[in-house]
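Data first, discussion second: the structure below is written as structure tokens.
Every chain is numbered from 1, with letters handed out A, B, ... down the list of sequences.
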Number of protein chains: 2
Amino acid sequence: MSDLHASPPVSGERTYGIGELAAEFGLTLRTIRHYEDEGLLVPARDGQARVYTHRDRARLALICRGKRLGFSLAEVKEFLNLYDVDDAQAEQMRYLQKAARQRIAALERQLQDVQQTLAELRAIDAEIDDHLNRRSRHEATSREDSNR
Amino acid sequence: MSDLHASPPVSGERTYGIGELAAEFGLTLRTIRHYEDEGLLVPARDGQARVYTHRDRARLALICRGKRLGFSLAEVKEFLNLYDVDDAQAEQMRYLQKAARQRIAALERQLQDVQQTLAELRAIDAEIDDHLNRRSRHEATSREDSNR
DNA sequence: ACCGTCAATGACGTTTACGTAAAGGTAAGA
DNA sequence: TCTTACCTTTACGTAAACGTCATTGACGGT
């Protein structure tokens with residue numbers, strides 16, 4: 001009758017259900033739960049049900065991006081800590097900064113890789129264009145300049 | 001006695017042993033053989049021993065880069081075909097071009113990801129610097145400006 | 001009261017990308 | 001000839017990242 005179970009709409013923060021996030025990020029429920037098993041997400045609970053805050057949602061977005069970049073869940077996990085710098089002691093801030101700089105270095109290398117690969121593939125694309133055009137022009141020529 | 005088994009130094013092309021390539025690329029023999037099992041490499045043979053040409057070596061470099069970019073071996077495999085455009089029929093050139101363009105699109109997305117992540121991490125790095133400096137300056141101040 | 005939907009374990013299965021022996025072949029050097 | 005270094009194949013093992021049931025629970029609607 002009275003909403004005995006409806007989670008408190010106390011703090012004006014909107015929350016998300018697992019299915020909602022799954023749909024939004026194109027993941028399965030299993031996958032999101034797996035991220036929790038691995039300690040990448042620690043959603044609140046409304047009874048048994050998982051309740052995700054904006055912060056959880058942001059973390060999930062970071063996880064997805066990390067995955068797109070080819071990092072393992074373990075790597076993404078360390079990665080995530082970097083975004084929680086606010087509540088860290090000066091002691092471990094230096095550690096986090098070291099970690100951040102290592103990641104930056106890794107990403108700079110990856111940036112090189114991506115750019116080089118892009119350049120090569122674009123060259124290949126152009127080369128194919130070239131080949132195809134020559135061939136078609138050649139065909140046209142050998143057909144005694146039938147067109148034009 | 002006479003080099004009955006020494007591979008023909010016929011064509012002036014230098015060749016590589018599997019251990020050589022493993023050392024150069026920081027891979028294990030097992031890994032390189034695995035790439036062969038998966039059809040990513042098809043080295044020549046001198047008896048039983050694998051003999052790698054410059055071309056094989058170049059392919060291996062591409063494989064490594066693909067892996068660094070987070071692609072699966074299956075993806076890298078298709079990827080490799082793009083570099084063999086020379087000996088392709090116009091028929092499948094169009095197919096290869098399509099594949100190339102898909103990869104280009106994927107890499108452009110990845111480029112965005114990398115750049116955004118880099119920007120964020122650099123911001124975090126700076127933010128930590130900031131926090132640490134404020135704190136140290138605060139400490140200094142509270143110590144009645146002990147230094148300087 | 002019954003249904004359908006969404007979610008929660010729990011547990012075994014699968015794919016990818018190799019690791020790790022085990023058992024042996026070949027050729028150069030002491 | 002024996003050792004050492006480098007290579008071979010065969011085959012089982014494994015860690016990561018989920019997929020895929022099977023079973024159960026809580027709600028909302030009719």
How long is the line joining CG of A/Leu29 and P of C/dT9, in whole Å?
12 Å
Basic-acidic side-chain contact under 4.0 Å: B/Asp130, B/Arg134
yes
Heavy-atom contacts, protein to nucleotides 14-19 of chain C, under 4.0 Å, summarised as B (base), S (sugar-phosphate only) or - (none) per nt, yield ---BBB
Rounded to whole Å, the CG-P distance (A/Asp37 to C/dA8) equals 12 Å
Is A/Arg50 near enough to C/dA7 that one of its side-chain N or O atoms lies under 4.0 angstrom from OP1 or OP2?
no
Could you give the CD-to-P distance, from A/Glu36 to C/dA7, as a whole number of Å?
14 Å
What is the distance, to the nearest angstrom, from the CD atom on B/Glu20 to the P atom on D/dA5?
18 Å
Rounded to the nearest angstrom, tell me the gap between atom OH in B/Tyr52 and atom P in D/dC6.
16 Å
B/Gln48 atom CD is separated from D/dT8 atom C1', nearest whole Å, by 5 Å
Say whether, by atom type as modelled, one donor and one acceptor occur between the side chain of A/Gln110 and the main chain of A/Leu69 under 3.5 angstrom.
yes
Filter on ring pair (Phe, Tyr, Trp, His ring centres under 6.0 Å), then keep only pairs touching residues 18-58 of chain B, sequence neighbours left out; what's left?
B/Tyr16-B/His54
Listed partners of B/Arg101 passing salt bridge (charged side-chain N to carboxylate O under 4.0 Å, His left out), at least two apart
A/Asp125, A/Asp129
Residues passing the salt bridge (charged side-chain N to carboxylate O under 4.0 Å, His left out) test with A/Arg33, sequence neighbours excluded, are none
Give the residues of residues 53-66 of chain B touching DNA chain C, defined as any heavy atom closer than 4.0 Å, sorted by residue number.
none
Quick one: ring pair (Phe, Tyr, Trp, His ring centres under 6.0 Å) pairs with a partner in residues 87-128 of chain A, sequence neighbours left out?
none
Are A/Arg33 and C/dT9 close enough that a side-chain N or O sits under 4.0 Å from OP1 or OP2?
no
Can you sort out the partners of A/Glu24 under salt bridge (charged side-chain N to carboxylate O under 4.0 Å, His left out), two or more places apart, ordered by chain and number?
A/Arg57
Can you check the A/Ile18 CD1 to C/dT9 P distance for me, whole Å?
9 Å
Partners of B/Glu120 by salt bridge (charged side-chain N to carboxylate O under 4.0 Å, His left out), sequence neighbours excluded?
A/Arg65
Nearest whole Å is fine: how far is D/dG25 P from A/Arg45 CZ?
16 Å
Ring pair (Phe, Tyr, Trp, His ring centres under 6.0 Å) pairs, two or more places apart, involving residues 58-86 of chain A:
A/Phe79-A/Tyr83
